Each structure stands twice: as C-alpha cells, then as structure tokens.
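Structure first, then comments.
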Amino acid sequence: MSGHHQHERAGRTTSPYAARIRAIEALLLEKGVLTEPEVQDSISYMEARSPANGAKLVARAWMDGRFEELLLSDAKAAALQLGMEPEHPAEFIVVKNTPGVHNLIVCTLCSCYPRAILGRPPDWYKSFEYRSRAVREPRAVMREFGFEPPEDVEVIVHDSTADVRYMVLPLRPLGTEDMREDELVELVTRDSLVGVNVPRS
Amino acid sequence: MTFEPGDNVRVLPSEKPGHVRTPGYLKGKAGWIESLVGEFPNPEELAYGFSGKPERPLYRVGFRQADLWDDYEGPAEDCLYADVYEHWLEPGEGAPT
Amino acid sequence: MGGVHDMGGSPGGPIDRGQHEVEDWERLADAINAALGGKGLQTTDQHRRAIESLEEYRDLSYYERWVAATEKLLVEKGVLTSDEIDERAASIRRHWGEP
C-alpha cells in the first residue's frame, strides 16, 4: 500500500478518488444529507487526536498507581478523567506490559485502532505486511522496529477483530524514578503504545 | 452467557460467507476464554443494514501461538488474544487455562 | 478461507515504516465517513463489508478503499447515483485541469 500512495500535484492529488470524494461531498451537501459544519466538525474531531493523548495516559499511570488501576480496569473512565473523549460505542482496553509480558496490537481484518484517543493509525499499521505478519511472527516484526523482547518474556499479540480498541501501557523505563510527569510524557512514543517498540529511555 | 473465563473453547471451522469478524487463521483452533468483553449487536447483520439484535456476547479468547502456527518462532508461552463472538465458539478440550 | 482482507498469517515482506503526509482529500474521506456514521446513515460494519467486497482491494490505498466503499454504500442506499458521482467527479477533474 505504501509506496503506491498517490502524490499531491499543485496542491491536489492525482488520485481519481480525490475527485470522487469531493464530488460525493458536494452532492451530499446539495441534497442536505450533510451540512458544511458537520463535515468540518468531523475533520476537526480527528485532527484534535494524536499519540500525545496516549502518552499522557501512560505517564499518569506511571506516576499514580490508582490511576493505573483505573486505566487497566476502565480505560474509558481514565481517559475521561484526563479530559479525553473515548470512542463510542467501541470498547477501549489498555493492556499492561510487565517485566515478564510484552503486548503487541494489530488488526488483521482491517486496521482497528483507538482513533478516538490516538488519532489516525500510522501507514505501517495499515500495511498488508504488518496485518499479515504481526500475528504469526510478532518477534520478527518487533525486531524490524528495533526491539527484541528477551526469550523469557511472554509476547501476547492482540488481534482487535471486533468491537474493542487496544492500547499498550508500556513498562516505565529504568532510571526515570526522579522524572516529572511532563518529562515522562516525552518518553512515550506511538510505537510503544502499539507495542512494536518500548518507550525512549 | 455460555462460557466462563478459563473455559476451553474451539473456534468453529465455518466458512460462513459474507461479513464476519472471525479471522480465517483462528478457525478450528483451540483456545480458552480469557474474559467477557460485553454484548454487542451482531456485526454479521449490522454489515447489511439490519439491527444486529439480539446482541451477542463477545469474548476475549486466548490461543497458544504454537497451536496456531506449526512454524512459530518463539517460546511456548507466547500467545495471542482475539475477540470472538459466542456464536463462533464451541466447547473445547485440551487448551491450557 | 475468508476474503482478500482476511490476511492474518499470510506471508509478507519487510514492513515499510515510512509515513506519507495525510492529504486533504484523505481527511475529507475520513470526515464524510464519520459524519455519515453520526447521522445513522452508515455503520462501521457496513463500511467494513463494503471495503472487503472491493474487487480492487489490493490495488487501492487505504483512503481510496474508504472512498470506494462510502460511494458503494451511498449508491446501494439510493442516496446518490453512480452517474451523478461520475459526472461531478469528471467536472471537478476538468476544473483541476486534468484530462
């Protein structure tokens, strides 16, 4: 898929689908099926989301054991507590890495991702290669991202096949005991929230 | 609810056509119920404009990677969880709890 | 086995970790899809089903699949016709100075 992507030309892509979605938009507005503000709100909604939200949830959980408990038992409530709007009606589950367990998230059937929290998934997450391989050879996939869990660490792959969106709560890096929450936020990468890697240290 | 956490289950080897949320690589495979996620409208009916009611129980089902792939590279403890609707599961045997 | 989208466990090459900059029409495709969902005119599973049934699934980019699926559903529901979308898209491309 990537590599095949159509490039912008003079501010507009050459993909015929760019014209088709503009056509669909114009027709839906003309017929009153959608309104301009509805489309704009919908664009703003997604633009407001990014992996920074996930980083905030993780850093707070690292600082505060009770928040971690809430994040793991009711991730939507935890997200609401930090002013985020978790997706409805999909469930949102956060899975915890420990010294003995490493979690990895994939969606083999499409590209389910906690978009309401983290925004759009990265291209590689949507790639046919990741979707095909992450379930069968998760360790090889993580090696490609520069991370190799030790053999005595259990790798758990989560294939989000239905109505749940998953995020990883990574392990807090060693030597960060004295860091403030806003410094910890900076360590949490998007890749570590999907589990293909671990946070910066 | 038909299943409880820890129950051994098997994913039906059904080739039901149309939109389903059970991936092919899990069909016929043995695993265990990890937890109940909740009840949701049936996606197989939602996909064609129906209500999906009554709602169907959705479970997180665990599988040992070694049971899914003959050539799995990695420790025997490695596993995979997927979300599977109850109507895709039957009681199984032999899976770890 | 399942359809073309059911690819878990299939062999695959190295993962391209490059990221393309999201284009405006892709944002729009995303937004229209969400807005139609908000209006109850489309469900996630209908959209997934429409994507899975695209003959050109493997040849299209992610948001191209989204657009094709949204179009398919709107036509299926009688909200728009293929002809009017074709016509308007052609006129937009002419306006852009494309053949």
Side-chain angles (χ1 to χ4, degrees), chain A residues 1-28 31 33-35 38-47 90 106 108-111 120 122-124 126-136 141 144-145 159 161 163 196, chain C residues 2 5-39 41 44 48 51-52 58-68 70-71 74 79-80 84-93 96-98:
Chain A
M1 188 175 72
S2 41
H4 159 273
H5 137 79
Q6 315 278 344
H7 292 278
E8 289 277 343
R9 178 156 59 80
R12 291 187 193 98
T13 181
T14 56
S15 170
Y17 289 89
R20 296 197 82 75
I21 193 63
R22 300 267 179 217
I24 289 168
E25 179 197 25
L27 292 165
L28 290 175
K31 289 174 194 276
V33 179
L34 295 179
T35 65
E38 284 167 350
V39 176
Q40 281 310 318
D41 285 354
S42 201
I43 290 177
S44 315
Y45 174 93
M46 195 46 65
E47 293 312 303
V106 62
T108 59
L109 295 174
C110 39
S111 306
R120 292 188 183 84
D123 287 346
W124 59 259
K126 302 181 288 188
S127 72
F128 295 164
E129 290 78 12
Y130 184 74
R131 288 169 53 192
S132 300
R133 294 176 53 211
V135 288
R136 184 176 196 145
V141 165
E144 286 184 31
F145 282 81
D159 187 355
T161 43
D163 291 277
V196 288
Chain C
H5 66 290
D6 186 4
M7 57 182 74
S10 307
I15 295 157
D16 179 352
R17 290 158 59 207
Q19 179 68 34
H20 88 283
E21 185 134 356
V22 178
E23 297 170 8
D24 282 347
W25 72 271
E26 295 177 308
R27 289 195 177 88
L28 185 62
D30 206 325
I32 300 255
N33 186 57
L36 288 171
K39 286 259 163 133
L41 286 167
T44 300
R48 285 168 169 168
I51 289 174
E52 291 162 15
R58 291 196 77 91
D59 299 322
L60 299 182
S61 75
Y62 182 76
Y63 280 111
E64 287 176 339
R65 291 198 291 275
W66 275 41
V67 173
T70 298
E71 176 175 335
L74 288 169
V79 178
L80 302 180
E84 63 185 344
I85 299 171
D86 284 347
E87 205 172 293
R88 186 61 67 96
S91 133
I92 288 171
R93 295 185 70 176
W96 288 352
E98 287 172 9

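Naming: A, B, ... by sequence-line order, numbering from 1 per chain. Every value quoted in this text rests on a predicted model; they were computed, and no experiment measured them.
Counting only heavy atoms from C-beta outward, the side chains of Leu28(C) and Arg22(A) approach each other to under 4.5 Å. In this structure, the side chains of Pro14(C) and Glu144(A) come closer than 4.5 Å at one or more pairs of heavy atoms. Inter-residue side-chain proximity for Leu74(C) and Leu28(A) is flagged as met; some heavy-atom pair is nearer than 4.5 Å.
Per-residue heavy-atom pair counts under 4.5 Å with chain C were compared for Ala23(A), Ala134(A), Ser132(A), Ala26(A), and the maximum is reached by Ser132(A). Of the residues considered (Ala34(C), Gly13(C), Pro11(C)), Gly13(C) shows the highest number of contacts with chain A, using heavy-atom pairs under 4.5 Å. When each of Asp159(A), Ile43(A), Asp41(A), Val106(A) is checked for heavy-atom pairs under 4.5 Å with chain C, Ile43(A) comes out on top.
Here CZ of Arg136(A) is found 15.0 Å from CE of Met7(C). Values are rounded to the nearest 0.5 Å. One distance of note links OG of Ser127(A) with CZ of Arg17(C); it measures 11.5 Å at 0.5 Å rounding. Rounding to the nearest 0.5 Å gives a distance of 10.5 Å between CG of Asp30(C) and OH of Tyr45(A). How far CD of Glu23(C) is from CD1 of Ile21(A): 13.5 Å, rounded to the nearest 0.5 Å.
In this structure, chain A has heavy atoms under 4.5 Å from both the backbone and the side chain of Ala68(C). Proximity to chain C (any heavy atom under 4.5 Å) is restricted, for Val135(A), to the side chain, taken from C-beta onward. Proximity to chain A involves both the backbone and the side chain of Asp86(C), based on heavy atoms less than 4.5 angstrom apart. Residue contact with chain A, scored on non-hydrogen atoms closer than 4.5 Å, involves the backbone and the side chain of Leu36(C) alike.
The backbone N or O of Ala31(C) sits less than 3.5 Å from a side-chain atom of Ser42(A), completing a donor-acceptor pair. The backbone N or O of His5(C) lies less than 3.5 Å from a partner atom in the side chain of Arg131(A), making a donor-acceptor pair. Looking only at distances, a side-chain donor or acceptor of Gln19(C) sits under 3.5 Å from a matching main-chain atom of Asp123(A). With Arg58(C) contributing its side chain and Phe128(A) its backbone, the two residues share no donor-acceptor pair below 3.5 Å. Without hydrogens or angle criteria, Arg20(A) side chain to Ile85(C) main chain gives no donor-acceptor distance under 3.5 Å.
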Audit row: Leu60(C), Tyr17(A), side chain to side chain contact (heavy atoms under 4.5 Å, CB included) steps and yes/no: CA-CA 10 Å; Leu60(C) 299 182; Tyr17(A) 289 89; 3.7 Å; yes

Derivation of the side chain to side chain contact (heavy atoms under 4.5 Å, CB included) call for Val33(A) and Lys39(C): CA-CA 9 Å; Val33(A) 179; Lys39(C) 286 259 163 133; over 6 Å; no

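Using a 4.0 Å cut-off between charged side-chain N and carboxylate O, Lys31(A) and Glu84(C) make a salt bridge.
The two residues Arg93(C) and Ala19(A) make their nearest non-hydrogen contact at CG-CB, 3.4 Å. The shortest heavy-atom contact between Trp25(C) and Ala18(A) is CG-CB, 3.5 Å. Cys110(A) and Arg48(C) make their closest contact through SG-NE, 3.7 Å (heavy atoms, listed as atom of the first residue, atom of the second, distance).
Contacts of Phe145(A) classified as ring pair (Phe, Tyr, Trp, His ring centres under 6.0 Å), with partners at least two apart in sequence or in another chain: Trp124(A). By the side chain to side chain donor-acceptor pair (under 3.5 Å) test, Glu47(A) is found to be paired with Arg120(A), Arg27(C), residues two or more places apart in sequence or in another chain being considered.
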